[in-house]
Amino acid sequence: MASLSQLMENEVFMAFASYTTIVLSKMMFMSTATAFYRLTRKVFANPEDCAGFGKGENAKKYLRTDDRVERVRRAHLNDLENIVPFLGIGLLYSLSGPDLSTAILHFRLFVGARIYHTIAYLTPLPQPNRALAFFIGYGVTLSMAYRLLKSKLYL
Amino acid sequence: MASLSQLMENEVFMAFASYTTIVLSKMMFMSTATAFYRLTRKVFANPEDCAGFGKGENAKKYLRTDDRVERVRRAHLNDLENIVPFLGIGLLYSLSGPDLSTAILHFRLFVGARIYHTIAYLTPLPQPNRALAFFIGYGVTLSMAYRLLKSKLYL
Amino acid sequence: MASLSQLMENEVFMAFASYTTIVLSKMMFMSTATAFYRLTRKVFANPEDCAGFGKGENAKKYLRTDDRVERVRRAHLNDLENIVPFLGIGLLYSLSGPDLSTAILHFRLFVGARIYHTIAYLTPLPQPNRALAFFIGYGVTLSMAYRLLKSKLYL
């Protein structure tokens, strides 16, 4: 297993592993935030979820949408749309032998921007807080994609 | 290509590859389930999709939403939200040199929980069947994230 | 770092890296397309996003949905649902030592099909253009999953 231990001794790859795990854990937190608001505000999408709150017609009144729940769901979907490209492009970028400090700068900016994006979305903070956080994360991923294609293009 | 053959001779990595392929194929099945319900129930989101069922106003009546279709779509989105973290964290966890039997236990629990989640969502089974399946998958991913950060944190 | 340079000298892996970066960049373009339509059509999901267009009740009229914006969002979600399996299965397939020309055929078909899917969805082109693009991408991913499980199954 020489190759595996070498992979995990590579500092860029280890940094990528750490930052990715953090940003994915943050994304998973959005599921619990949705569940929290659904339960405390009694807002459900499925009849079986509110069966405990009453029988028949009495339970159906909880099948509704709520601004707060929809806001968390939009933040969650935005995370998915941005973290999936980071995951794929970042992994390949990490394996392409970039400079350690450049790579760590990319990872830190991305993770910081996504955490700030969540804070700006859920508070909510006035624009352009959220837009700025979005574009920093977006720019970081595009920068990694550019470096990857420039050095390793093989079509 | 010594490193590649070594990677695929690593048992943890091969197990991860197999379970991931299975759970991603299961997720892809949700697309066909959505298409099946859209076609059999004539429920469409795009005007061009129901052009074959009539002209003009006659076709527009099929542009609607349906409980069954929305249920499959929610199950699909929940899969995405949970399988993406498993994909990223699980890959890095597999490369971090975990104990084989511990790793396989994680993968089996996750894949089993997600398959049961789909069954519970689509049947639908009464709660807490779906909630339990969700939290098992969620806990497995968090457990891998915890082990990864504990042994390999590099910020 | 012998293993890393070997990984990036592997032609299948380099091809996978290039095509994946392209298809993920294409998916990221959907975010800017959504933002473009939201701004030009003044259609927003969050009150803070349209605060610049007026005060109080005057701004609230921009909190609405729009066919064009919803179309882009559906295309984006469909991308996510299909590119995530390609990312996971394609990565593992690339590491399993496939024939170079077979692998590149898979990657090219997938990326071409997803680009055509976006064109067919956003134009929109009449069916079965979009359905065909969807099924080519879907079939390519299933073909890689089949080859992977056939050669490397380890449960």
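Chain A is the first sequence line, chain B the second, and so forth, proteins listed ahead of strands; every chain is numbered from 1. Quick note: numbers below take in every heavy atom, side chains included, and nothing from hydrogens, waters or symmetry partners. Since the structure is predicted, the reported quantities are computational estimates derived from the model, not experimental observations.
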Gap separating the OG1 atom of B:Thr32 from the CZ atom of C:Phe134, nearest 0.5 angstrom: 7.5 Å
Heavy-atom check, side chain of B:Val84 versus side chain of C:Leu80, under 4.5 Å: no
Atom pair OG/CE of C:Ser96 and B:Met14 - distance to nearest 0.5 Å: 10.0 Å
Salt bridge present between C:Arg71 and B:Glu48 (N-O < 4.0 angstrom): yes
C:Leu95 side chain near B:Phe13 side chain, heavy-atom distance below 4.5 Å: yes
Most contacts with chain C, counted as non-hydrogen pairs under 4.5 angstrom, among B:Asn46, B:Ile83, B:Ile104: B:Asn46
Taking every non-hydrogen atom, the tightest pair across B:Ser25 and C:Ile89: OG-CD1, 4.4 Å
CG on B:Leu91 to CG on C:Leu92, rounded to 0.5 Å: 7.5 Å
Per-residue contact mode, B:Met27 against chain C (heavy atom under 4.5 angstrom): side chain
Whether over 12 other heavy atoms sit under 6.0 Å from C:Arg73 CZ: no
Which atoms of B:Ala35 approach chain C - backbone, side chain, both or neither, heavy atom under 4.5 Å: neither
Side-chain heavy atoms of B:Thr21 within contact of C:Met144, under 4.5 Å: no
Whether over 12 other heavy atoms sit under 6.0 Å from C:Asp67 CG: no
Polar side-chain atom of C:Tyr138 near backbone of B:Ser31 as donor-acceptor pair, under 3.5 Å: no
